[in-house]
S.K.: 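Please see the structure below; I have some questions.
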Amino acid sequence: MTAPVMILGSGLAAYNVAREFRKLDKTTPLTIISRDHAGFYSKPMLSNALSGNKSPEQLLMKSAEKMAEELSATILPHSKVLAIHVHNQEVLLGDDVRLPYRDLVLALGADPIRLPMLGDGASDVLSVNDLDDFAHFNRRLANAKTVVILGAGLIGCEFANDLLSRDITPIVIDSASWPLPRLLPQVAGDFLAQKLSAAGVQFHWGVTAKAVDAEGAGFSVKLSNGMTLQADLVLSAVGLRSRTELAAAAGLHISRGVVVDRHLQTSQAHIYAVGDCAEVAGWILPFVMPIMHQAKALAATLAGTTTALKYPAMPVMVKTPACPTVVAPPAIGSVGEWHVETSENGILAKFITDDGAMAGFALLGSATAQRQALTPDLPVVLA
Ligand SMILES: Cc1cc2nc3c(=O)[nH]c(=O)nc-3n(C[C@H](O)[C@H](O)[C@H](O)COP(=O)(O)OP(=O)(O)OC[C@H]3O[C@@H](n4cnc5c(N)ncnc54)[C@H](O)[C@@H]3O)c2cc1C
């Protein structure tokens, strides 16, 4: 029997590659192996599920069985891949099970970063990076009145906004001085912070959490400025680190992510990487739009038409209804400055390079209406 195209993981990257591949090739055997339940869900919905009144069960759109049927694929849920044997073209599961592949796609995602913290409650700090995490978080939210969120990035701000719909007070702390510091100029960040504060989010800027201690049924969080916060739960949202361990152990080239070329191929023939685990041309873009473009290009390559990845401009919507926000940050190393137009209801910030071109934007409040008009003026991310 022909060895299958094999995908490791069952997140958006894995299932988008599988769907795009099946559009082009209906017969080559396809195997999907995941250490989780392998059901299909949309990860972005985890940070607005509370306001949408969605239970974890409702967020699961399709079971692994249903996906297997739709994709004519063999799906192995709850199966952790332990190693990749590049020379035999096979992967190793528990109980010494070895499965051969024709081509292997790593869609392994990323792990939440855990900052070192003291205290007997530090190991109870939660993070939400998949549906099982969300189910756990959701159970722990019953009766919670206050949640401390570590990190005022995109995910931290989205969860903060979402918790308000449950009448829970989010207290967000960050070492920076405004939210989304890597995506927004200060004036825009201040605007977002002010809108979120008016809606009920509390912020502490320029601080880190030193220790988390269990206290009664909740926690006390000691900050670097000497303050102590009380909370029913602590949620960490300080960023992600690509899962590179399997690739590294197999001798593949890794940097911050699994390094791939414009064809999504790793340093090893017949092994590809996509999604949050992949570093393409120096970029790790942990968002849905890049995954869609990767999936289309890789599926074509796997189906026999070698296709290079291209990225258009890909603005990201931040799901903070208290202050609708769309960001298209300038490429790292862009030289120029932010030009900001402020009105009572919005902020329109354009990053203009020294030669007068717009390299990025941040649109907040009423200025988000400009998104369609401005996006065509952004540079493509990968030509
Ligand atoms: C709360 C939240 C909200 C977000 N909102 C947005 C948004 O609004 N817009 C946007 O563009 N992006 C958003 N993102 C980012 C986006 O959701 C991710 O970029 C995307 O879902 C990543 O998909 P992935 O398939 O690469 O990784 P994952 O979904 O993490 O999938 C990784 C898979 O690999 C499996 N796996 C790992 N190790 C092994 C192993 N050894 N063996 C077998 N299987 C393994 C896992 O079980 C999992 O199935 C959000 C992210 C989060 C966390």
Side-chain angles (χ1 to χ4, degrees), residues 6-19 31-50 59 64 67 75-84 91-94 97 99 104-113 126-134 137 149 151 153-162 183 235-250 257-258 264 273-280 283-295 298 314-321 324-328:
M6 183 181 282
I7 304 176
L8 307 188
S10 59
L12 287 176
Y15 276 135
N16 274 295
V17 171
R19 281 201 177 110
T31 300
I32 295 172
I33 305 177
S34 182
R35 70 178 185 186
D36 64 27
H37 52 84
F40 179 75
Y41 71 100
S42 172
K43 194 185 282 200
M45 293 184 71
L46 301 182
S47 50
N48 62 2
L50 303 177
L59 289 171
M67 292 306 288
I75 300 186
L76 307 180
H78 305 296
S79 305
K80 184 170 177 181
V81 175
L82 303 176
I84 303 165
V91 298
L92 175 70
L93 307 185
V97 173
L99 300 176
L104 182 68
V105 179
L106 309 181
L108 296 163
D111 282 316
I113 292 172
L126 302 179
S127 49
V128 176
N129 185 39
D130 61 34
L131 187 54
D132 290 337
D133 290 343
F134 177 75
F137 176 60
I149 299 178
L154 191 136
I155 307 288
C157 286
E158 291 188 352
F159 275 113
N161 201 151
D162 208 33
L183 302 174
L235 178 69
S236 174
V238 294
L240 295 170
R241 185 175 294 125
S242 297
R243 292 190 180 116
T244 55
E245 297 81 3
L246 266 182
V258 181
L264 286 319
V274 285
D276 285 6
C277 71
E279 181 176 329
V280 193
W283 299 85
I284 298 177
L285 298 174
F287 298 109
V288 176
M289 281 313 289
I291 287 176
M292 310 295 251
H293 290 282
Q294 292 171 8
L298 179 55
M314 298 175 288
V316 177
M317 258 183 58
V318 186
K319 302 186 296 295
T320 44
T325 297
V326 183
V327 291

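One-based numbering, in listed order, for ligands and for the atoms of each.
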S.K.: What protein heavy atom sits nearest atom 25 (O) of ligand 1, and how far away is it?
M.R.: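 Going by distance alone, atom 25 (O) of ligand 1 is nearest to Ala13 N, 2.9 Å.
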
S.K.: Heavy-atom contact under 4.0 Å between Val316 and ligand 1?
M.R.: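 Flag not set, Val316 not near ligand 1.
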
S.K.: Are the side chains of Asp162 and Ser47 in contact, using a 4.5 Å heavy-atom criterion?
M.R.: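 No. Closest side-chain heavy atoms not under 4.5 Å.
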
S.K.: Hey, would you say the Phe137 and Phe159 ring centroids sit under 6.0 Å apart?
M.R.: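 So the answer is yes for these two rings.
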
S.K.: Can you tell which of Ala273, Pro44, Pro286 gets a heavy atom nearest to atom 4 (C) of ligand 1?
M.R.: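 Nearest heavy atom to atom 4 (C) of ligand 1 lies in Pro44.
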
S.K.: At what distance is the nearest protein heavy atom to atom 44 (N) of ligand 1, and which residue and atom is it?
M.R.: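 For this ligand atom, the closest protein heavy atom is Arg35 N, 3.1 Å.
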
S.K.: Assess whether atom CE of Met292 is packed by more than 12 heavy atoms of other residues, nucleotides or ligands within 6.0 Å.
M.R.: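 No, the 6.0 Å shell around CE holds no more than 12 heavy atoms from other groups.
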
S.K.: Looking at CG of Asn129 and CG of Asp111, how far apart are the two atoms once the value is rounded to the nearest 0.5 Å?
M.R.: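 If I round to the nearest 0.5 Å, the distance is 7.5 Å.
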
S.K.: List the closest protein heavy-atom neighbour of atom 30 (O) of ligand 1: residue, atom name, distance to the nearest 0.1 Å.
M.R.: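 Going atom by atom, the protein heavy atom closest to atom 30 (O) of ligand 1 ends up being Lys43 NZ, 2.9 Å.
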
S.K.: Which atoms from ligand 1 have a heavy atom of Gly11 less than 4.0 Å away?
M.R.: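 With Gly11 as reference, the close atoms of ligand 1 come out as 25 (O), 29 (O), 31 (O), 49 (O).
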
S.K.: Could you tell me if any non-hydrogen atom of Ile291 lies under 4.0 Å from any atom of ligand 1?
M.R.: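 The answer is yes: ligand 1 sits under 4.0 Å from a heavy atom of Ile291.
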
S.K.: If you round to the nearest 0.5 Å, how far is CD1 of Ile291 from CG of Leu298?
M.R.: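 Between atom CG of Leu298 and atom CD1 of Ile291 there are 12.5 Å.
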
S.K.: Could you tell me if Ser34 and Asp36 have a donor-acceptor pair between their side chains, going purely by distance under 3.5 Å?
M.R.: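 Judged by distance alone, the side chains do pair up.
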
S.K.: Provide, to 0.1 Å, the distance between atom 33 (C) of ligand 1 and the closest protein heavy atom, together with that atom's residue and name.
M.R.: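 Ranked first by proximity to atom 33 (C) of ligand 1 is Ala107 O, 3.5 Å.
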
S.K.: Can you name the atoms of ligand 1, numbered from 1 with element, that are less than 4.0 Å from a heavy atom of Val128?
M.R.: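 Per the distance check, 53 (C).
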
S.K.: I'd like to check Leu12 versus Phe40 (side-chain heavy atoms, cut-off strictly below 4.5 Å). Are they in contact?
M.R.: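 Yes, close enough: below the 4.5 Å cut-off.
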
S.K.: Relative to the heavy atoms of Phe159, which atoms of ligand 1 are at a distance of less than 4.0 Å?
M.R.: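 Numbered from 1, ligand 1 contributes 1 (C).
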
S.K.: Would you say Ile84 and Leu106 make side-chain contact, with heavy atoms under 4.5 Å?
M.R.: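 Of all side-chain heavy-atom pairs linking Leu106 with Ile84, at least one is under 4.5 Å.
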
S.K.: Please list, in number order, the atoms of ligand 1 under 4.0 Å from a heavy atom of Ser34.
M.R.: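 The list of qualifying atoms is 43 (C), 44 (N), 47 (O), 49 (O).
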
S.K.: Can you tell which of Ala83, Gly9, Pro77 gets a heavy atom nearest to atom 35 (C) of ligand 1?
M.R.: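 The option holding the nearest heavy atom is Gly9.
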
S.K.: Side chains of Leu131 and His37: closer than 4.5 Å at any heavy-atom pair?
M.R.: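 Counting from C-beta outward, Leu131 and His37 do come under 4.5 Å.
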
S.K.: Out of Asp36, Val81, Ile155, indicate the one that has the non-hydrogen atom closest to atom 40 (C) of ligand 1.
M.R.: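 Among Asp36, Val81, Ile155, the closest heavy atom to atom 40 (C) of ligand 1 comes from Val81.
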
S.K.: Which ligand 1 atoms are under 4.0 Å away from a heavy-atom of Gly275?
M.R.: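 Answer for ligand 1: 26 (O).
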
S.K.: Give the residue and atom name of whichever protein heavy atom lies nearest to atom 27 (O) of ligand 1, and the separation in Å to one decimal.
M.R.: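 Looking at atom 27 (O) of ligand 1, the protein heavy atom closest to it is Gly109 CA, 3.3 Å.
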
S.K.: Taking non-hydrogen atoms only, is Ala38 closer than 4.0 angstrom to ligand 1 via side chain, backbone, both or neither?
M.R.: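 Looking at Ala38 and ligand 1, no heavy atom falls under 4.0 Å.
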
S.K.: Taking the side chain as everything from C-beta on, heavy atoms only, tell me whether Arg35 gets closer than 4.5 Å to Val81.
M.R.: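 No - every pair of side-chain heavy atoms lies 4.5 Å or more apart.
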
S.K.: For atom 7 (C) of ligand 1, which protein heavy atom lies nearest, and how many Å away is it?
M.R.: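 Nearest protein contact, heavy atoms only, for atom 7 (C) of ligand 1 is Lys319 NZ, 3.4 Å.
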
S.K.: Identify which of Ile84, Leu108, Leu12 has a heavy atom lying nearest to atom 39 (C) of ligand 1.
M.R.: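 That would be Leu108.
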
S.K.: Flag the pair Ile75 / Ser10 as yes when at least one side-chain heavy-atom distance between them is below 4.5 Å, and no otherwise.
M.R.: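 Not in contact.
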
S.K.: Quick one, Tyr15 with Ile7, criterion side chain to side chain contact (heavy atoms under 4.5 Å, CB included). Give me CA distance, side-chain angles, the key distance, then yes/no.
M.R.: CA-CA 9 Å; Tyr15 276 135; Ile7 304 176; over 6 Å; no

S.K.: Starting from atom 26 (O) of ligand 1, locate the nearest protein heavy atom and write down its residue, its atom name and how far away it is, to 0.1 Å.
M.R.: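 Atom 26 (O) of ligand 1 sits closest to the protein heavy atom Asp276 N, 2.9 Å.
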
S.K.: Quick check: do Leu76 and Leu93 have side-chain heavy atoms less than 4.5 Å from each other?
M.R.: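 Side-chain contact under 4.5 Å: yes.
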
S.K.: Considering only heavy atoms of Lys80, which atoms of ligand 1 have at least one such atom less than 4.0 Å away?
M.R.: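 Reading through ligand 1 atom by atom, the close ones are 41 (N), 42 (N).
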
S.K.: Measure the CD1-CD distance between Ile149 and Glu158 for me, rounded to the nearest 0.5 Å.
M.R.: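 Here the rounded value is 11.0 Å.
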
S.K.: Give yes if a backbone or side-chain nitrogen or oxygen of Ser47 is under 3.5 Å from a nitrogen or oxygen of ligand 1, and no if not.
M.R.: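 No, since none of the N or O atoms of Ser47 sits under 3.5 Å from an N or O of ligand 1.
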
S.K.: Please confirm whether Ser42 approaches ligand 1 to less than 4.0 Å, judged on its heavy atoms.
M.R.: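 Per 4.0 Å heavy-atom rule, Ser42 does not contact ligand 1.
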
S.K.: In terms of atom number and element, which parts of ligand 1 are under 4.0 angstrom from non-hydrogen atoms of Val288?
M.R.: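 Numbered from 1, ligand 1 contributes 10 (C), 11 (O), 12 (N).
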
S.K.: Quick check on contacts: which atoms of ligand 1 are under 4.0 angstrom from a heavy atom of Asn129?
M.R.: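 Once the distances to Asn129 are compared, the set is 53 (C).
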
